[in-house]
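Order of listing sets the numbers, starting from 1, for every ligand and every atom in it.
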Amino acid sequence: MIDAYIALGANLENPYQQLLQAIEHLKQLPLSEWGCVSPLYSSSPMGPQDQPDYVNGVAYIRTSLNPHQLLDELQKIELTQGRVRKSERWGPRTLDLDLLLYGQQVIQDERLIVPHYGMKERAFVLVPLFDIAPALVLPDGSAIKELVRLCDQTQLFRIDN
Ligand code: ROI
């Protein structure tokens, strides 16, 4: 079993409920054990500003799925929850599930970049990841604790949960 961390994000169609539903789906993943989910946060959009605020969080699972099987499962959940892939880059979405980390593996192919390419600058990923894995060190040796200290958290608000 491999430790995997998955970022959750949504900003359409009742995003908070979308995340709760996604968590229920993640608990049902095949060949996997549910770990936990971070507190959820509200965050202003990174990228185009003419879209609603996001709800973000990070989930932890242990899995025997390989990274591409896990990606397939995550994309199935996104589609089940009404995700429509648009051509617009960085547009709004009902649900985004990003594979952040798959053990200490570094993966770079046509479908998958792990660790997730943007995670080291994104407070809405780093802060919830730190909440559930404060001692985590990324494959490149950077400590989550240090990345969190450096990131801009002014647009991130914890939702009571
Ligand atoms: N901005 C925030 N705050 N949260 C996200 O999950 C998120 N996801 C995205 C883009 C459009 C880059 N901006 C985001 O994909």
Side-chain angles (χ1 to χ4, degrees), residues 3-27 29 34-61 67-68 70-102 106-134 136 138 140 142 144-161:
D3 292 326
Y5 293 89
I6 297 156
L8 299 89
N11 74 340
L12 293 178
E13 310 285 342
N14 201 341
Y16 184 77
Q17 287 303 322
Q18 295 290 348
L19 259 62
L20 296 186
Q21 197 185 335
I23 291 161
E24 293 312 308
H25 283 127
L26 292 173
K27 288 178 179 173
L29 283 176
W34 174 248
C36 63
V37 67
S38 70
L40 302 184
Y41 290 83
S42 164
S43 64
S44 41
M46 191 195 120
Q49 296 297 299
D50 58 340
Q51 57 178 322
D53 284 355
Y54 280 78
V55 177
N56 286 112
V58 171
Y60 163 60
I61 64 166
H68 291 94
L70 179 54
L71 179 64
D72 289 337
E73 294 293 334
L74 298 180
Q75 291 184 343
K76 269 193 245 171
I77 297 172
E78 288 178 340
L79 291 174
T80 306
Q81 293 192 220
R83 171 82 178 258
V84 180
R85 295 229 166 237
K86 300 248 173 65
S87 55
E88 184 196 357
R89 187 163 183 254
W90 285 5
R93 64 276 313 278
T94 51
L95 182 64
D96 197 13
L97 296 175
D98 288 333
L99 178 54
L100 296 175
L101 293 167
Y102 184 86
V106 176
I107 305 161
Q108 275 172 308
D109 61 36
E110 324 75 54
R111 284 193 74 201
L112 202 50
I113 300 180
V114 177
H116 187 270
Y117 65 94
M119 66 177 289
K120 287 172 74 175
E121 295 87 44
R122 298 182 177 185
F124 59 83
V125 172
L126 293 172
V127 172
L129 181 57
F130 176 75
D131 288 334
I132 58 173
L136 193 74
L138 303 194
D140 71 358
S142 47
I144 184 78
K145 179 169 179 268
E146 190 62 15
L147 296 171
V148 161
R149 195 178 64 76
L150 296 171
C151 74
D152 173 11
Q153 299 178 31
T154 54
Q155 304 305 314
L156 191 69
F157 305 94
R158 186 162 161 171
I159 301 170
D160 260 328
N161 67 315

* With a 3.5 Å cut-off and no angle check, do the side chains of Tyr41 and Asp53 form a donor-acceptor pair? -> no
* Would you kindly specify which portion of Asn11 sits under 4.0 Å from ligand 1, judged on non-hydrogen atoms: side chain, backbone, both or neither? => neither
* **Exercise: do His25 and Glu73 side chains pair donor with acceptor under 3.5 Å** => no
* Asked: Is ligand 1 under 4.0 Å from a heavy atom in the side chain of Arg93, in the backbone, in both, or in neither?
  -> side chain
* Met46 to ligand 1: N or O pair under 3.5 Å? -> yes
* To do: Please state which part of Trp90 comes within less than 4.0 Å of ligand 1, counting heavy atoms only: side chain, backbone, both or neither.
  => both
* N/O donor-acceptor pair under 3.5 Å between Asn11 side chain and Arg93 backbone -> yes
* To do: Check each atom of ligand 1 against the heavy atoms of Pro45 and keep those under 4.0 Å away; list them by number with element.
  => 1 (N), 3 (N)
* For Arg111 and Gln75, does a side-chain donor sit closer than 3.5 Å to a side-chain acceptor? -> yes
* Asked: With only distance considered, is Gln51 within less than 3.5 Å of ligand 1 through an N or O on each side?
  -> no
* Of all the non-hydrogen atoms in the protein, which one sits nearest to atom 9 (C) of ligand 1, and at what distance? -> Tyr54 OH, 4.0 Å
* Asked: Taking the six-membered ring of Tyr117, is the NZ or CZ of Arg122 close enough (under 6.0 Å from the centre) and on axis enough (within 45°)?
  -> yes
* To the nearest 0.5 angstrom, please state how far the SG atom of Cys151 sits from the CD atom of Glu146. => 11.0 Å
* Structure fact -> Counting heavy atoms under 4.0 Å, the part of Pro92 that contacts ligand 1 is neither
* Measure from the side-chain N and O atoms of Gln49 to the backbone N and O of Gly47, and report whether any donor-acceptor pair falls under 3.5 Å. => yes
* Pick, from Asn56, Val55, Asp53, the option with the minimum heavy-atom distance to atom 4 (N) of ligand 1. => Asn56
* Ser43-ligand 1 polar pair, N/O distance under 3.5 Å -> yes
